[in-house]
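Inspection log for the structure reproduced underneath, given as structure tokens.
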Amino acid sequence: MNFKYWDPTIEKMPRLELEALQLQKLKSEINNAFRTSFYKERLTKAGIRSSDDIKTLDDLKRIPFTTKDDLRDGFPYGFLAIPKEKIVRLHASSGTTGVPTTIYFSKDDIKRWADYMARCIYGTGSDSNDVFQNMISYGLFTGGLGFHQGGEEVGMLVIPAGAGNTTRQFKMMQDYGTTVLHATPSFLLHLETKMKEAGVKRESLSLKRAFAGAEPYSEDTRQRIQELLKVDVYNSYGLSEMNGPGVAFECQCKDGLHIWEDGYIAEIVDPDTLQPVKDGETGELVLTILCREATPILRYRTRDLTSFYTEQCKCQRTHRRLKRLTGRSDDMLIINGVNVFPSQVEEVIMGMKEVGNNYLIVVEKDGALDRMIVKTEMSSNLFMDDTRPLIALKEKIRKALQASISISPRVELQESGSLPVPEGKAVRVMDTRCKDI
Ligand code: DLL
């Protein structure tokens with residue numbers, strides 16, 4: 001395979017040099033942190049007086065973790081490290097409490113972010129010959145502008161399509177000869193369902209590849225998108241606290257996501273003990289950003305569960321790879337005492353070709369007990385009035401789920417395209433139990 005590197009000196013940098021670079025950048029990020037009211041207090045309390053107290057990368061452990069609640073408490077300017085007149089943009093996520101976590105950027109921060117995004121995009125084999133349709137929300141969400149800038153940096157023709165409106169999306173693909181897509185995996189599946197309905201022939205499109213991220217999805221879902229849309233799918237991971245997309249991305253080997261270690265320090269800890277897990281073990285990803293001056297964030301608890309690959313990638317990049325992120329430590333459901341991750345359900349059902357492109361997990365109270373209902377769409381060649389194959393399919397799904405999660409859910413089949421598809425991230429779980437208490 002002919003791998004493409006945006007900057008081989010960085011992407012293939014020997015580990016020792018890379019770690020020395022991390023230490024140097026960490027010190028400068030700590031200097032930035034001391035300019036914020038939040039870290040000035042936090043670091044001083046932890047006995048750190050200046051970046052001189054951080055002598056090795058191991059000293060990072062002396063710094064306390066930062067959480068989403070800290071960011072909310074620091075709203076609006078508690079994490080700002082530069083004068084207001086030097087900020088050129090903000091991105092924010094509203095979250096559930098209504099206090100937005102807000103991240104500010106200087107002009108240089110935006111340039112650096114675009115450069116990481118370009119590295120991700122170019123590493124998939126995309127270049128200035130490509131037409132890139134960015135089908136994700138623009139605005140305060142980082143997915144739209146993040147990919148937009150990266151695409152332009154690579155020299156692609158970028159179509160700022162935004163999310164939703166499949167009819168318009170198909171029209172743009174045909175009009176401009178789109179070769180590369182970016183969307184959530186759930187929207188890519190939805191697109192395929194709508195393509196059949198709209199009578200759009202795959203042969204009339206020039207698609208080669210798609211970037212899919214912003215929400216967890218299984219390897220089976222990737223395979224399904226690849227087969228149905230006939231595109232090469234690359235996993236893309238990021239979070240607004242760490243700029244947005246561009247934190248970790250798959251290369252052409254598509255075997256784990258390279259985390260850009262010249263821009264981030266990644267640790268994986270046990271979410272209960274907060275101690276580092278052994279290499280290769282699953283735990284919660286903790287990130288320190290090294291490439292942003294306006295809003296430094298040190299040891300951020302992402303809540304995302306993953307592990308490091310222990311061996312180097314065939315592409316020869318030295319930046320370590322993360323395993324596909326399957327869920328968050330806070331999205332675990334406890335159903336009648338059994339722990340269930342939504343990703344386990346997805347893994348079971350997306351591997352079945354009779355199952356359509358969308359599903360929903362409902363958890364509700366049934367007297368004192370919990371009841372789990374899995375609603376799945378059927379593939380478009382099954383029909384509601386033909387009951388025998390439907391009963392058999394329900395039973396097949398129920399048994400497969402029971403074998404995987406030790407719970408026997410009620411399975412409900414729905415027509416293809418009938419479950420709701422939000423414009424942003426997919427909503428996979430409806431847990432109504434707390435309302436009954
Ligand atoms: O979702 C940034 C992004 C935009 C990433 C576009 C990729 C593509 P937030 O809205 O802050 O930022 O959500 C971040 O989404 O902590 C994960 O829980 C989840 N997430 C993002 N990418 C993936 C992925 C953007 N590839 C949160 N696999 C993160 C699994 C993902 N989960």
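Order of listing sets the numbers, starting from 1, for every ligand and every atom in it.
Looking at T178, D232, D130 one by one, the single match for side-chain hydrogen bond (donor to acceptor under 3.5 Å, both in side chains) with K208 turns out to be D130.
Distances below 4.0 Å separate heavy atoms of T142 from the following atoms of ligand 1: 2 (C). Annotation for ligand 1: atoms under 4.0 Å from non-hydrogen atoms of D304 are 16 (O), 17 (C), 18 (O), 29 (C). Residue R328 approaches ligand 1 through these ligand atoms, each under 4.0 Å from one of its heavy atoms: 16 (O), 18 (O). Shown in contact with L239 at under 4.0 Å from a heavy atom are these atoms of ligand 1, numbered in order with element: 11 (O), 12 (O), 14 (C), 16 (O). For ligand 1, the atoms closer than 4.0 angstrom to any heavy atom of S240 are 9 (P), 11 (O), 12 (O). Proximity to P216 (heavy-atom distance under 4.0 Å) selects the following atoms of ligand 1: 28 (N), 30 (C), 32 (N).
For N235, every heavy-atom contact with ligand 1 shorter than 4.0 Å involves the side chain, none the backbone. Residue contacts with ligand 1, taken as heavy atom pairs separated by less than 4.0 Å, involve K425 solely via side-chain atoms from C-beta onward. No part of Y217 comes within 4.0 Å of ligand 1, judged by heavy-atom distances.
With atom 5 (C) of ligand 1 as the reference point, the heavy atom nearest to it among G246, G238, G144 is part of G238.
Nearest protein heavy-atom contact of atom 28 (N) of ligand 1 is E215 O, 3.4 Å.
Not a single heavy atom of S93 lies less than 4.0 angstrom from ligand 1. R303 does not count as a contact of ligand 1, since none of its heavy atoms falls under 4.0 Å from the ligand.
Put simply, the side chain of Q344 gets close to the backbone of F341: a donor and an acceptor are under 3.5 Å apart.
Between W260 and H319, the angle of the ring planes goes over 60°, which puts this pair in the perpendicular group of the 30/60° scheme.
In this structure, K194 forms no cation-pi arrangement with F170, as its terminal cationic atom is not both closer than 6.0 Å to the ring centre and no more than 45° off the ring axis. At least one cation-pi condition fails for R292 and W113: the charged atom is not both under 6.0 angstrom from the six-membered ring centre and inside a 45 degree cone around its axis.
Look at R222 and E250 and you find a salt bridge, because one of the NZ, NE, NH1 or NH2 atoms lies within 4.0 Å of a carboxylate O, short of that distance. Using a cutoff of 4.0 Å between basic side-chain nitrogens and carboxylate oxygens, D7 and R119 are not scored as salt-bridged. Salt bridge annotation for D304-R328: present, with a cationic side-chain nitrogen under 4.0 angstrom from a carboxylate oxygen. D115 and R112 are not joined by a salt bridge, as no carboxylate oxygen comes within less than 4.0 angstrom of a charged side-chain nitrogen.
Of the N or O atoms in T302, none lie within a sub-3.5 Å distance of an N or O in ligand 1. Between A214 and ligand 1, an N or O atom pair is found at a separation short of 3.5 Å.
The two residues L60 and R299 have their closest heavy-atom pair at O-CD, 3.4 Å.
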